[in-house]
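To find a chain, count down the sequence lines: A is the first, B the second, and so on, and within it residues start at 1. Predicted, not measured: the structure shown is a model, and the values here were computed from it.
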Amino acid sequence: MKEKYDPKSIESHWQEVWERSGLFAVHEDPKKPKYYLLEMFPYPSGKIHMGHVRNYTIGDVVARYKRMKGFNVLHPMGWDAFGMPAENAAISNNTHPARWTYENIDTMKKQLKRMGFSYDWDREIATCKPEYYRWEQWLFLKMYEKGMAYRKESYVNWCETCQTVLANEQVEAGACWRCGEAVRQKKLSQWFFRITDDAEDLLVHCDRLPGWPEKVVTMQKNWIGRSHGAEIQFQIENLDETIVVFTTRPDTIFGATFMCLAPEHPLVQRLSRNTAQQADVDAFVDRVSLQERSTRGLERYEKEGVFTGAYCVNPMSGRRMPIYTANFALMEYGTGAVMSVPAHDQRDFEFARKYGLEIVVVVQPEGGPLDPATMTEAYAGEGMMVHSGEFDGMPNTEAMQAIVDRLEARKMGKRTVSYRLRDWGISRQRYWGAPIPMIHCPTCGIVPVPESDLPIVLPEDADLLEGGKSPLPQHPDFAKVKCPACGREDARRETDTMDTFVESSWYFERYCSPHYDKGMFDPKAVAYWMPVDQYIGGVEHAILHLLYSRYYTRVLNDFGMVPYREPFTRLLTQGMVCKETLHCEEHGFLYPEEVVDGQPRTCKKCGRPVEIGRVEKMSKSKKNVVDPNALLDAYGADTTRLFCLFAAPPERSLEWSDQGVDGAFRFLTRVWRLCWMWMEEIRSATAFDGPMDRLSADMKPVYQKVHVTIQKVTNDIEDRFHFNTAISAVMELVNLLYGVPVEPTSSEKASVMRLALETVVLLLSPIVPHLCEDIWRELGHKDSVLLASWPVWDEAALRKDRHLIVIQVNGKLRSRMEVEDDTEEKVIRELALSDEKVQKFIAGKAVRQIVVVKNKLINIVV
RNA sequence: GCGAGAGUGGCGGAACUGGUAGACGCACUGGACUUAGGAUCCAGCUCUGGCGACAGAAUGGGAGUUCAAGUCUCCCCUCUCGCACCA
């Protein structure tokens with residue numbers, strides 16, 4: 001018998017063999033069905049963490065499984081290599097972002113290889129390489145030509161710490177998603193992608209993504225945020241101009257008593273100019289529009305405003321409405337102007353109460369009349385129209401249509417749809433990103449870089465500046481350029497770089513032909529591999545990355561470059577990896593090694609008892625991280641993989657448990673020992689191949705269990721990705737096999753055991769590939785277990801000839817009995833009624849009803 | 001506030017279309033083997049009562065539908081995540 005299970009030697013051995021033989025390389029093969037399995041590529045931050053390990057383990061199991069099922073599987077890996085952490089690290093370590101990035105890629109790649117993942121490394125890409133981003137620049141030019149990329153001056157979210165603009169998607173509760181600094185508003189000229197043109201299409205297709213988690217689809221829909229309503233014009237008094245508002249409640253227009261403009265609204269300054277209000281308005285606008293978004297977005301943020309001194313006219317009621325500027329009106333949504341209906345909108349109500357503005361009820365609820373004087377909150381529900389002229393007495397839902405009809409007839413308004421989604425701002429005042437291929441010429445204005453000049457290569461000799469400011473504008477050669485249109489020598493190159501989400505919006509297409517140099521990708525390769533059949537990654541990308549990728553795919557489709565509109569057919573969002581935290585009153589969070597074990601556990605530094613905190617997402621700040629490297633050293637890749645899959649189903653969060661890891665290791669040792677216990681016996685045997693009837697009574701149950709397990713594991717992996725139950729099924733089989741004595745030997749036994757153990761190895765091979773490969777070869781197979789076919793179950797083995805029937809009385813379990821397959825209902829009734837235990841419960845009572853479920857259960861109602 | 005998801009033993013988690021609740025694993029308890037074991041093997045392990053056969057209760061709480069509910073319907077509670085002054 002071979003020595004004990006030693007993962008270290010077998011894992012490095014087989015990893016080497018796999019690499020040398022090019023086992024994971026794939027090519028387009030029209031004869032085989034394709035399967036594109038993609039995991040979200042990592043940012044090369046330094047080393048891989050347990051989240052990566054989990055994500056990529058799940059993906060690797062599916063990739064290996066699909067290969068064994070006969071698919072031509074594309075399973076690539078690469079690096080989302082541009083981005084701010086590289087710059088920050090470069091500044092603090094006095095190195096160059098490129099160097100830092102490539103060194104990280106190197107370490108992380110080694111780690112991934114140690115995990116035994118089956119990537120086709122020939123297809124590796126790094127987005128910071130010119131041969132990658134040059135095509136992104138190329139597409140940018142195409143988009144610019146078609147007006148899909150444009151420049152506009154606008155208020156943008158500005159992070160002072162990062163010295164850059166943030167997309168709305170990168171602002172979380174008013175703070176920068178990266179550093180947590182409060183986000184301010186700043187006026188800048190920026191490049192945008194016109195994603196709002198596709199808002200409707202992106203929204204509609206949300207319902208055609210059956211392979212996506214409901215949750216993600218809902219998040220996308222909410223993010224796009226479509227509202228149906230109307231745009232209505234309000235004539236400004238003494239001025240030949242109108243204010244256009246967007247409202248979802250045109251039915252309440254008769255109740256609109258004042259107007260609120262966003263502080264950033266262009267009319268605000270103009271209306272108050274040279275009035276007594278000008279100073280107040282200016283001060284207010286200055287304060288609010290530049291005010292930190294974090295406070296502006298807070299729940300208890302008080303509604304405030306200032307009268308502009310101007311009035312407008314309600315087009316339906318004719319009422320003279322004071323025009324305010326208010327902090328709750330947002331320039332980015334609708335038209336930046338709100339017709340305020342205090343009786344029926346909570347914000348307007350609060351505002352009106354604060355400033356003593358009139359409240360007019362126009363929708364009366366069924367329960368009784370509302371009195372503006374005593375109302376404590378706005379009424380937003382349905383009801384009958386009042387104080388609305390000819391519309392009085394109409395249900396408000398009807399009035400909504402009627403009033404818009406009237407406004408449309410008078411050309412004072414129209415039906416419209418408004419989206420929450422805004423255009424995608426892609427400009428970053430950052431160094432470590434793909435340069436935007438544009439030129440600013442004093443004569444010609446904005447001039448695109450000629451296609452032949454691509455790529456615009458990011459200069460490597462730039463020194464990063466204090467505070468993270470981009471060095472590109474100061475770079476001696478980069479910014480200076482000749483105008484390609486008029487030849488002027490003093491034109492300037494655009495020094496903004498692109499948002500890194502642009503790179504990650506098409507990397508999956510690049511994987512199809514990573515070395516192609518005549519375009520973004522080889523259309524033939526993309527036609528073969530795309531769309532991605534299964535995409536796997538964290539929920540944190542449920543909105544940003546997935547929405548941008550969907551949009552970018554539409555752009556490519558509009559250009560006729562790809563034949564599909566949705567890039568990802570199925571999506572799996574895996575849960576977080578969590579662990580309990582340890583906390584000391586004095587020293588805060590502690591690493592396990594800073595704790596003395598005992599009852600209770602105490603802090604090594606101060607001896608205070610350590611509180612075992614909540615189970616939280618692994619993070620350095622909480623000191624509850626587990627380093628994959630340490631795990632690989634102690635247990636090996638197979639145990640690590642097994643534990644990640646066994647501890648929880650993939651979409652749920654995974655609670656780390658050191659004992660659980662021990663358990664996983666123990667199981668692998670058990671499998672190893674079991675196989676070696678039988679190795680002598682089965683090495684020269686042929687796996688039993690049926691029919692089942694030939695088997696003795698001893699071996700038949702083994703054969704049956706083997707096939708039941710094949711079915712269970714196949715279904716669990718195929719339909720649901722429930723690897724935890726798949727593994728437990730194999731554990732059951734292994735437990736059963738441990739009960740089969742090696743002595744006395746027989747050729748039947750050897751052949752059934754060969755089948756059983758080969759099955760165990762095949763079923764586990766996507767999960768713990770190294771161990772399985774080792775035993776597989778030991779059994780005499782010349783080729784890798786990866787090239788073996790996935791086992792198929794024998795239907796005959798699943799059929800039971802005897803069934804355990806549960807006997808219930810009044811729905812309560814009272815007894816059990818075994819019967820032959822297909823025993824007639826009549827017989828079952830008789831058997832059940834005469835059962836001794838059942839008799840006890842039905843004695844002296846009248847049997848009212850008997851329900852029989854074939855081969856399963858009988859319920860006697862008395 | 002709006003939206004989504006989840007509440008099952010000491011713990012992680014099973015239970016596919018309503019049909020034996022607690023598979024599998026961890027922890028724990030007992031035993032075997034051993035110089036020894038924190039290795040391995042065997043057994044037990046939801047709670048309550050009972051030596052026991054057995055009986056009763058139990059899937060966050062409450063009602064309902066059904067011969068039968070962890071699963072379906074309604075109400076309530078708690079937790080997690082996402083969005084959040086969106087007119």
Side-chain angles (χ1 to χ4, degrees), chain A residues 4 172-174 213-219 221-223 225-227 229 245-249 252 256 260 262 296-303 326-330 332-341 344-348 350-351 418-421 539-540 542-543 575-576 614-615 643 646-649 651-664 666-667 669-670 673 712 715-716 719-720 722 724-732 734-735 738-739 804-816 837 840 848-853 856-862:
Chain A
K4 67 178 221 268
E172 289 168 355
E214 186 74 34
K215 177 184 173 154
V216 175
V217 171
T218 313
M219 280 165 79
K221 281 187 190 167
N222 290 346
W223 193 262
R226 178 174 65 186
S227 318
V245 304
F246 171 75
T247 180
T248 52
R249 293 292 303 274
T252 63
C260 285
R296 205 172 164 183
L298 280 180
E299 198 170 338
R300 289 269 157 241
Y301 189 67
E302 199 181 338
K303 282 145 198 64
N327 60 2
F328 66 84
L330 306 172
E332 311 90 77
Y333 185 75
T335 60
V338 183
M339 69 168 209
S340 286
V341 186
H344 305 293
D345 180 282
Q346 187 57 27
R347 288 157 305 174
D348 298 346
E350 287 170 32
F351 194 86
S418 192
Y419 299 90
R420 213 190 78 111
L421 183 72
V539 236
E540 65 271 23
I543 301 175
M576 299 178 301
R614 297 156 39 117
V615 175
F643 175 74
F646 183 59
E651 66 279 4
R652 278 217 236 170
S653 64
L654 175 131
E655 188 186 329
W656 196 264
S657 140
D658 293 334
Q659 282 125 352
V661 180
D662 281 333
R666 203 174 305 153
F667 172 66
T669 313
R670 245 168 101 70
R673 270 207 326 272
K712 169 85 176 143
N715 290 343
D716 281 353
D719 314 336
R720 317 191 294 167
H722 278 197
N724 55 333
T725 51
I727 293 164
S728 71
V730 180
M731 284 173 168
E732 282 185 55
V734 168
N735 289 346
Y738 258 94
L804 186 69
I805 301 271
V806 170
I807 310 175
Q808 295 180 335
V809 178
N810 284 350
K812 287 199 176 196
L813 174 74
R814 293 302 178 188
S815 186
R816 303 175 165 93
K837 290 174 192 158
K840 262 197 340 207
R848 298 231 312 258
Q849 191 187 352
I850 297 180
V851 182
V852 180
V853 182
K856 223 173 209 168
L857 164 146
I858 173 167
N859 189 11
I860 302 162
V861 187
V862 293

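- With a cut-off of 3.5 Å on both pairing distances, the Watson-Crick and G-U wobble pairs of RNA chain B assemble into stems of 3 or more at B:1-7 with B:77-83, B:10-12 with B:24-26, B:28-32 with B:40-44, B:46-49 with B:54-57, B:60-64 with B:72-76.
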What's touching nucleotides 7-13 of chain B from the protein side, N or O pairs under 3.5 Å?
| residue | atom | partner | partner atom | Å |
| --- | --- | --- | --- | --- |
| rG12(B) | O2' | Ala647(A) | O | 2.7 |
| rG13(B) | O3' | Asn724(A) | ND2 | 3.3 |

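- At least one donor-acceptor pair under 3.5 Å links the side chain of Asn327(A) to the backbone N or O of Glu302(A).
- A donor-acceptor pair is defined here as one N or O able to donate and one able to accept, closer than 3.5 Å; no such pair exists between the side chain of Arg816(A) and the backbone of Val806(A).
- Listed nucleotides: rC85(B), rC24(B), rC86(B). Nearest to the side chain of Arg420(A): rC86(B).
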Give each protein N/O atom lying under 3.5 Å from an N/O atom of nucleotides 40-50 of chain B, with the pair distance.
| residue | atom | partner | partner atom | Å |
| --- | --- | --- | --- | --- |
| rU40(B) | O3' | Arg673(A) | NH2 | 2.7 |
| rC41(B) | OP1 | Arg670(A) | NH1 | 2.6 |
| rC41(B) | OP1 | Arg673(A) | NH2 | 2.9 |

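- Comparing the C1' positions of rU65(B) and rC74(B) gives an interatomic distance of 11 Å, to the nearest angstrom.
- Among the protein residues, Gly336(A) comes within range of the nucleic acid bases, having at least one heavy atom under 4.0 Å from a base atom.
- Atom CH2 in Trp223(A) sits about 17 Å away from atom P in rC81(B), given to the nearest Å.
- For the C1' atoms, the distance linking rA58(B) with rU8(B) amounts to 10 Å, nearest Å.
- Looking only at side-chain heavy atoms (C-beta outward), Tyr738(A) and Arg673(A) come within less than 4.5 Å of each other.
- In rG9(B) the base sits syn relative to the sugar, since the glycosidic angle is no further than 90° from 0.
- Residue Arg814(A) has a polar side-chain atom (N or O) positioned under 4.0 Å from OP1 or OP2 of rG56(B).
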> When you look at Val661(A) and Trp656(A), which way does the side chain to side chain contact (heavy atoms under 4.5 Å, CB included) test go after all the steps?
Replying inline: CA-CA 8 Å; Val661(A) 180; Trp656(A) 196 264; 3.6 Å; yes
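- Taking atom CE of residue Met576(A) and atom C1' of nucleotide rG5(B), one finds them 13 Å apart after rounding to whole Å.
- Contacts of Asn859(A) with the nucleic acid, taken as non-hydrogen atoms under 4.0 Å apart, include base atoms.
- Within the 4.0 angstrom heavy-atom criterion, only backbone atoms of the sugar-phosphate kind lie near Gly663(A); the bases stay farther away.
- Residue Lys837(A) places its side chain closer to rC54(B) than to any other of rC54(B), rC24(B), rA57(B).
- Between the CZ atom of Arg249(A) and the C1' atom of rA87(B) there is a distance of 11 Å, given to the nearest Å.
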>> Please determine whether side chain to side chain contact (heavy atoms under 4.5 Å, CB included) holds for the pair Asn715(A) and His722(A), giving the CA-CA distance in whole Å, both sets of side-chain angles, and the decisive distance to 0.1 Å.
In response: CA-CA 9 Å; Asn715(A) 290 343; His722(A) 278 197; over 6 Å; no
>> Run Ile858(A) and Ile805(A) through side chain to side chain contact (heavy atoms under 4.5 Å, CB included) and show every step you take.
In response: CA-CA 7 Å; Ile858(A) 173 167; Ile805(A) 301 271; 4.0 Å; yes
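- Comparing the C1' positions of rG82(B) and rG12(B) gives a spacing of 26 Å, expressed to the nearest Å.
- With rC86(B), rC24(B), rG19(B) as the choices, the nucleotide that has an atom nearest any side-chain atom of Leu330(A) turns out to be rC86(B).
- The closest side-chain heavy-atom distance from Phe351(A) to Cys260(A) is below 4.5 Å.
- Atoms NZ (Lys856(A)) and P (rU20(B)) sit 7 Å apart, rounded to a whole Å.
- Within 4.0 Å of Val861(A), counting heavy atoms only, lie sugar-phosphate atoms of the nucleic acid but no base atom.
- Between the CD atom of Gln659(A) and the P atom of rA27(B) there is a distance of 6 Å, rounded to whole Å.
- The side chain of Arg720(A) places an N or O atom within less than 4.0 Å of a non-bridging phosphate oxygen (OP1 or OP2) of rA15(B).
- Side-chain contact check for Thr725(A) versus Arg720(A): some heavy-atom pair is nearer than 4.5 Å.
- Along RNA chain B, the nucleotide nearest to Gly660(A) and the one nearest to Val853(A) differ in position, and the one closer to the 5' end is contacted by Val853(A).
- The residue Gln346(A) sits apart from the nucleic acid: no heavy atom pair falls under 4.0 Å.
- Taking atom C1' on both nucleotides, rG5(B) is separated from rG60(B) by 16 Å, rounded to a whole Å.
- Set against rU20(B), rC85(B), rA84(B), the side chain of Leu804(A) has rU20(B) as its closest nucleotide.
- Separating the P atom of rC33(B) from that of rC42(B) is a span of 15 Å, rounded to the nearest Å.
- For the atom pair NZ (Lys837(A)) and CG (Leu813(A)), the distance works out to 9.0 Å, reported to the nearest 0.5 Å.
- For the P atom pair drawn from rC26(B) and rC79(B), the interatomic distance equals 33 Å after rounding to whole Å.
- As rounded to whole Å, 14 Å separates atom C1' of rA23(B) from atom CD1 of Ile727(A).
- Close to rA87(B), at under 4.0 Å from its OP1 or OP2, lies a side-chain N or O of Ser227(A).
- Applying side chain to side chain contact (heavy atoms under 4.5 Å, CB included) to Gln808(A) and the options Ile860(A), Val851(A), Leu857(A) leaves one that passes, Leu857(A).
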>> Using side chain to side chain contact (heavy atoms under 4.5 Å, CB included), reason through Val862(A) and Gln849(A) one step at a time and then give a plain yes or no.
In response: CA-CA 7 Å; Val862(A) 293; Gln849(A) 191 187 352; over 6 Å; no
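- Atom name C1', nucleotides rA63(B) and rC54(B): the rounded distance is 32 Å, in whole Å.
- Residue-to-nucleotide proximity on RNA chain B shows that, of Asn810(A) and Lys840(A), the 5′-proximal contact is made by Lys840(A).
- Following rounding to the nearest Å, Met219(A) (CE) and rA4(B) (C1') show an atom-to-atom distance of 9 Å.
- Between the Asp348(A) side chain and the Val341(A) main chain, a donor and an acceptor come within less than 3.5 Å of each other.
- Here rC81(B) presents its P atom at 15 Å from CD1 of Ile543(A), a figure rounded to the nearest Å.
- Across rU78(B) and rC28(B), the matching P atoms stand 36 Å from one another, rounded to whole Å.
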>> Arg666(A) vs Asp662(A), test: salt bridge (charged side-chain N to carboxylate O under 4.0 Å, His left out). Steps then yes/no.
In response: CA-CA 6 Å; Arg666(A) 203 174 305 153; Asp662(A) 281 333; 5.2 Å; no
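- Residues Arg670(A) and Asn735(A) have side chains that bring a donor and an acceptor to within less than 3.5 angstrom of each other.
- The phosphate of rA57(B) (OP1 or OP2) has a side-chain N or O of Lys812(A) nearer than 4.0 angstrom.
- At distances below 3.5 Å, not a single donor-acceptor pair connects side-chain atoms of Asn859(A) with backbone N or O atoms of Val852(A).
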